[in-house]
Amino acid sequence: MDRILTIVFAVFLCALWVGDVMAGRAVPLCMPDVKGNEILRVSGEGLGVLRSIGDDPVVVIAIAGPARTGKSYFLSKLSGTTSFKVGHGLKAQTAGLWISTDKVLLERNNVEARLVFIDAEGIGSITRDKGSIDRWDTSVVSLCTMLSSVLIYNSNKIPSHSDLEKLHFFSMFSRTGSYAHDEKATETLVWLIRDNTIDLAEEGYDNWTSFFENEVFQDTGNAARIDILSGIRAVFPKFRAIALPPPSVDPAVCKNLDDASHREEISPFLDALNSAVEDIVSLAQVKSISGKPMTGKRCADLIGIWVDALNEKGDKFTWESLYEKNIKYVCITQLEECTEKFEYDINRIRIALTCNEKNIVGKVNDIEQNIIAELSSICERPEYMDKLQLFIKNELSHLLDKWGRVQYDCLLEHFNYEISVIDLLDMNTNCKTVINTIDNIKQGIQRKIDELTSPGVKGKIDSEALTTKMEEEKHRIVNKWFVNHVQDFTNNYEERLRSNIDITKKVTKPEAENLIREFGREARGHFQVNGYDFPELNGHMKSIELTSVECGHKILDEWMKYVCITQLRECTEKFEYDINRIPLPCNEKNIVKKVDDMEQTIITKLSSICEQAEYRAKLELFVNNAKIDVLNQWGKVQHDCLLKHFNHGISGINLLDMNTNCKTVINTIDNIKQGIQRKFDELTSPGVKGKIDSEGLTTKMEDEKHRIVNKWFVNHVEDFTKKYEKRLRSRIDIKEKTNRSPAEGYIQEIEREERSHFQTNGYDFSELKGHMNSIELTMTKCRYELSDEWRKLQERIAWKDVVTKTAYSIGVGVGGTAGFMVSGPIGAAGGAAAGASLVRTLTALFSEED
C-alpha cells in the first residue's frame with residue numbers, strides 16, 4: 001500500500017511539473033553535477049516535460065552565448081512568457097540548461113509541432129573553475145546545437161576573432177560530419193548581436209547576414225578558423241544574423257525594461273525585438289533525425305545518450321564516439337520500427353489467412369524485402385541487419401505454422417462437412433455403403449494436401465495428424481451408424497415379435513425360435529463391414545445377437561411385471577393411509593409396535609400375489625421411509641411435550657421471593673430437569689432410540705435454566721443494591737464508642753451471609769461475573785461509607801471530651817476565684833461548684849445540638 005501511495009504521489013508531482021511548464025514556468029533540463037562542475041546531469045523535471053509531449057513533433061529553439069549578455073531576457077520575450085530568470089549582477093542566473101514550452105502549436109508542412117525553448121548557461125561564466133570552463137562550455141553549447149532546430153548565438157556588439165574562437169568546438173563537427181547523419185537537415189544558426197549602434201548602410205551592406213558571410217565567415221587561411229567555419233556549415237545549413245540596438249543608456253531603464261513608463265523611450269529597441277522574434281519563429285522547422293521528425297520522446301531519449309557521451313573524461317570522449325552513439329540510437333530506433341511494421345504486416349496476413357491459401361510464401365517474401373530495404377536505407381550496420389533477419393525468420397516460422405494450422409483446420413472442416421451429409425438414419429443404407437463413401441472423401445482431402453504443400457511450406461500441414469483425425473471421424477461415423485441402426489434393429493425386432501406373438505394368445509416355442517433365426521440372418525447381412533474393424537464392433541454385434549433373446553424374455557415378463565406394479569401401488573397407498581391415521585399424543589410408548597404390525601400386514605399381502613424380490617424390496621424401502629418419517633414426527637411431538645412440561649415446572653419458581661437464595665433456585669431447576677430425564681428414559685425404547693433430540697432438549701433446558709438464574713440474579717442484585725445499606729445500618733450502631741472500625745467485625749459477618757445468598761455451587765454463566773462484581777462493589781461502597789461515618793463520629797466524640805474537660809477546668813477556676821473574692825475560702829468552694837454545674841449544663845446542650 002505504501003508503495004502504491006509513493007507512485008501516486010510521484011505521478012502527482014510529475015503532473016504538477018508538467019502543468020507548470022505548460023503554463024510558462026521553466027524547469028532544469030541539465031544541471032552541473034554537485035561533485036564536478038564539468039559533468040552534466042539530466043534533470044527528471046525536464047525529461048518529464050519532453051516525455052509528456054510523447055510522439056508529437058517538437059521545434060526546439062535554444063539560446064547560447066557569452067555570460068551576462070541578456071540571453072534569458074530575449075528567450076522570455078521569444079516564448080511570450082517570463083519563465084526564464086533575468087539578472088543584472090555579476091553572478092549568472094542560469095546554470096546548465098533550462099527548458100520551457102508553450103501550449104500553442106506551430107504548424108510546419110501541414111504538421112503541428114510544439115515549441116520548446118532552452119536557455120543555456122553563458123560561455124565563460126566566472127562561477128566556473130578555470131580548468132573546467134572550456135570543457136563545460138563545450139558540453140553546454142554542443143548539447144544546445146544537437147537539440148535545437150534554431151540555435152541563437154547571443155553576443156554583445158560586432159563579433160571579433162575571439163568571439164569566433166569561442167565556437168572552436170564546431171571544428172569537431174567538421175571532422176565527423178553531421179552528427180545526425182541527415183542529408184535533409186533544416187537547422188538554422190541565428191547570430192544575435194546585442195547593443196548594436198552601427199549603421200550597415202554606411203558600411204555598404206544590406207543586412208547583417210550579408211556582413212557575416214563576407215566578413216566574419218571569410219576564409220583567411222587560418223586552419224583553426226577553417227575548421228570552425230566548416231563545422232558550423234556542417235551543422236547549420238541555414239544562417240541568419242540579426243542585430244538589436246541598445247535599449248537605453250540609462251542603467252535604471254535597462255534594469256526595468258518591462259516597466260510601462262519606459263515603453264516610449266525604448267520603443268526602437270522593442271520594435272527591433274519584436275521583428276527579431278517574428279523572424280526567428282519563421283525560421284523554425286521540425287528537426288529530423290535520420291529522416292524521422294524530432295518528437296518529445298525522441299528528444300528525451302537523445303539527451304540521455306548525448307549527455308553520457310559528453311561526460312566521458314579524458315581520452316574516452318571523442319566526437320567520433322558521440323557520432324557512434326547517435327548511429328547506434330538511430331539503428332536501434334529504426335530496428336524497432338521495422339520489427340513493429342513487419343509484425344504489423346505479418347499480423348494482417350495472419351488475420352486474413354484463408355483456406356486454400358497457396359501464395360503465402362510469396363506474400364511474406366515481399367514484406368521481408370521491403371522491411372530489409374527500409375532498414376538498410378538508414379542503418380548499414382550488419383549486426384542490426386542480422387537481428388532483423390533473425391526476427392523475420394522467427395515471425396515467418398510462426399506465420400507458416402499458423403498457416404499450416406489454418407489449412408489443417410480447413411481441410412478437417414471440409415472433411416467433416418462432407419461426412420456430415422451422410423444420412424445415418426436411412427435404415428435402407430447398409431454399413432458397407434457408408435464405409436466406401438467415407439474412404440472416397442478421404443482420398444479427395446489427400447489430393448488437396450498435395451496441391452497446397454509447395455517446397456516453401458513443406459511439412460507445415462500435419463498430414464499425419466490430419467489422417468489420424470479423419471480416421472477417428474470415420475470410426476465415429478461408422479460407430480454412430482451402428483448405434484442408430486442397432487437401436488432401430490432393436491425397436492423393429494421387438495415390433496415384429498409383437499406383431500407375430502400376442503401375449504394374450506398361446507404360441508409354440510418352435511414357432512418363436514424360427515422367427516428369431518430368420519430375423520437374425522437378415523440383420524447380419526445389413527451390418528456387414530467388409531473386414532473393417534473398430535473397438536466397439538464386437539459390442540454392437542453382441543448387442544444384435546442378444547436383442548432377440550432379451551426381447552423374447554421381455555414380452556414374457558410383461559404380464560407379471562404389470563401385476564406386480566399394480567399390487568405394489570395399492571399396498572403403498574394403503575400403508576400410507578393407515579400410518580397417517582396413527583395418533584401421536586404425549587407419552588405415547590407403543591408407537592413401534594403399532595407401526596411394525598402394519599408393516600407385517602402389508603408385506604404379507606404383496607407377497608401373496610407377487611413373488612419377485614425387487615418389488616418386495618421397493619415396498620420395504622417405502623415402508624421403512626414412512627416408518628422413519630412417523631417416528632421422527634413422534635420424536636418431535638415428545639420433544640415438544642417434555643420441553644413444555646419443563647417450562648411449566650420452572651414457571652412456578654418465585655423469582656421475586658427475596659428469601660429464596662440462588663442455590664435453592666438452581667437445585668429446583670435441576671430437580672425438574674431430572675424429572676424430565678426420567679420421562680425421556682421411559683419413552684426411548686430401542687425401536688425409537690435417537691428419535692427424540694435429547695441433545696437439543698438438554699440444550700433448551702440448560703438455556704432456560706441460565707435465563708431463570710440470570711433473571712433471579714437481576715431481581716436479587718437490584719434488591720440487594722437498594723436495601724443492603726439499610727440492612728447493614730439496622731444491624732450496626734456506629735455511635736457505639738469503640739477503638740476499632742465498626743465494619744471490621746459486623747460487616748464481614750454480614751457480607752458472608754449476603755454472599756451465601758448468591759452462592760451458585762459452581763454453576764457459571766456469562767453474566768455471573770458482572771452480577772458478582774456489582775454485589776462486591778455495593779458491599780465495598782457501603783463498607784467505606786459506614787467506616788467514614790464512624791471515623792467522623794469518633795472524631796466529634798473525642799473533640800467533645802476535650803472541650804468538656806477544658807470548660808470544666810475553666811468553670812471551676814473562674815467560679816472559685818469569683819467566690820473567693822466575694823466570701824473567702826468558703827465562697828471559693830461554692831463558686832467552683834457553681835462553675836462546674838454551669839459548664840455541665842452547657843456541655844449537655846451542646847451535645848444535643850451536635
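Side chain of S607 to main chain of T604: no donor-acceptor pair is present (N/O by atom type, distance under 3.5 Å, no hydrogens or angles). A distance-only check finds a donor-acceptor pair linking the side chain of N416 to the backbone of L412 [under 3.5 Å]. The backbone N or O of T660 lies less than 3.5 Å from a partner atom in the side chain of W712, making a donor-acceptor pair.
More than 12 heavy atoms of other residues, nucleotides or ligands sit less than 6.0 Å from atom CD of E767. The 12-atom threshold is not exceeded at CD of E695, counting heavy atoms of other residues, nucleotides or ligands nearer than 6.0 Å.
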message = Please determine whether salt bridge (charged side-chain N to carboxylate O under 4.0 Å, His left out) holds for the pair E473 and K469, giving the CA-CA distance in whole Å, both sets of side-chain angles, and the decisive distance to 0.1 Å.
response = CA-CA 6 Å; E473 283 298 305; K469 275 286 186 181; over 6 Å; no
task = Take N710 and H771 through the side chain to side chain contact (heavy atoms under 4.5 Å, CB included) test and state the conclusion after the steps.
result = CA-CA 9 Å; N710 184 55; H771 293 316; 2.8 Å; yes
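The line from NZ of K605 to CD1 of I602 is 5.5 Å long, rounded to the nearest 0.5 Å. Going from atom NZ of K542 over to atom CG of L537 covers 11.0 Å, rounded to the nearest 0.5 Å. Atom CD of E576 and atom SG of C571 lie 13.0 Å apart (nearest 0.5 Å). How far CZ of R707 is from CD1 of I650: 6.0 Å, rounded to the nearest 0.5 Å. Between Y577 atom OH and M598 atom CE the span is 10.5 Å, to the nearest 0.5 Å. Taking OG1 of T780 as the reference point, atom CD1 of I775 lies at 11.5 Å (rounded to 0.5 Å).
In this structure, H540 and F482 have parallel ring planes: the angle between them is below the 30° cut-off, well short of the 60° mark.
Using a 4.5 Å heavy-atom cutoff, the side chains of E704 and M701 are not in contact. Between V478 and E536 there is no side-chain heavy-atom pair separated by less than 4.5 Å. Two residues are said to be in side-chain contact when any heavy atoms from C-beta on lie closer than 4.5 Å; H757 and F720 fail this criterion. Residues V717 and F758 have side chains in contact (heavy-atom distance under 4.5 Å, counting atoms from C-beta outward). At least one side-chain heavy atom of L697 sits under 4.5 Å from a side-chain heavy atom of I676. Proximity of K792 to D788: side-chain heavy atoms (C-beta onward) are separated by under 4.5 Å at one or more points.
K705 forms a cation-pi arrangement with Y763, by the criterion of a distance under 6.0 Å to the ring centre and an angle within 45° of the ring axis.
Listed by first and then second residue, the disulfide (SG to SG under 2.5 Å) pairs involving residues 643-680 amount to none (not counting sequence neighbours). Counting only residues at least two apart or on different chains, no disulfide (SG to SG under 2.5 Å) pair has a member in residues 750-796.
Electrostatic pairing of K769 and D764 does not count as a salt bridge here, judged by no charged N lying under 4.0 Å from a carboxylate O. Ion pairing of D640 with K644 is absent here, as no side-chain N (NZ or NE/NH1/NH2) approaches a carboxylate O to less than 4.0 Å.
Closest approach of A626 and F575 over heavy atoms only: CB-CE2, 3.6 Å. Contact between V486 and S543 at its shortest, heavy atoms only, is CG1-OG, 3.6 Å.
Side chains of N661 and H716: a donor-acceptor N/O pair is absent below 3.5 angstrom, by distance only. Side-chain contact check for N667 and T664: no donor-acceptor pair (N or O, by modelled atom type) lies under 3.5 Å.
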Can you list, pair by pair, the side-chain donor-acceptor contacts under 3.5 Å of residues 617-625, counting residues two or more places apart and other chains?
{"from": "E620", "atom 1": "OE2", "to": "R616", "atom 2": "NE", "distance (Å)": "3.1"}
{"from": "N625", "atom 1": "ND2", "to": "L621", "atom 2": "O", "distance (Å)": "3.2"}

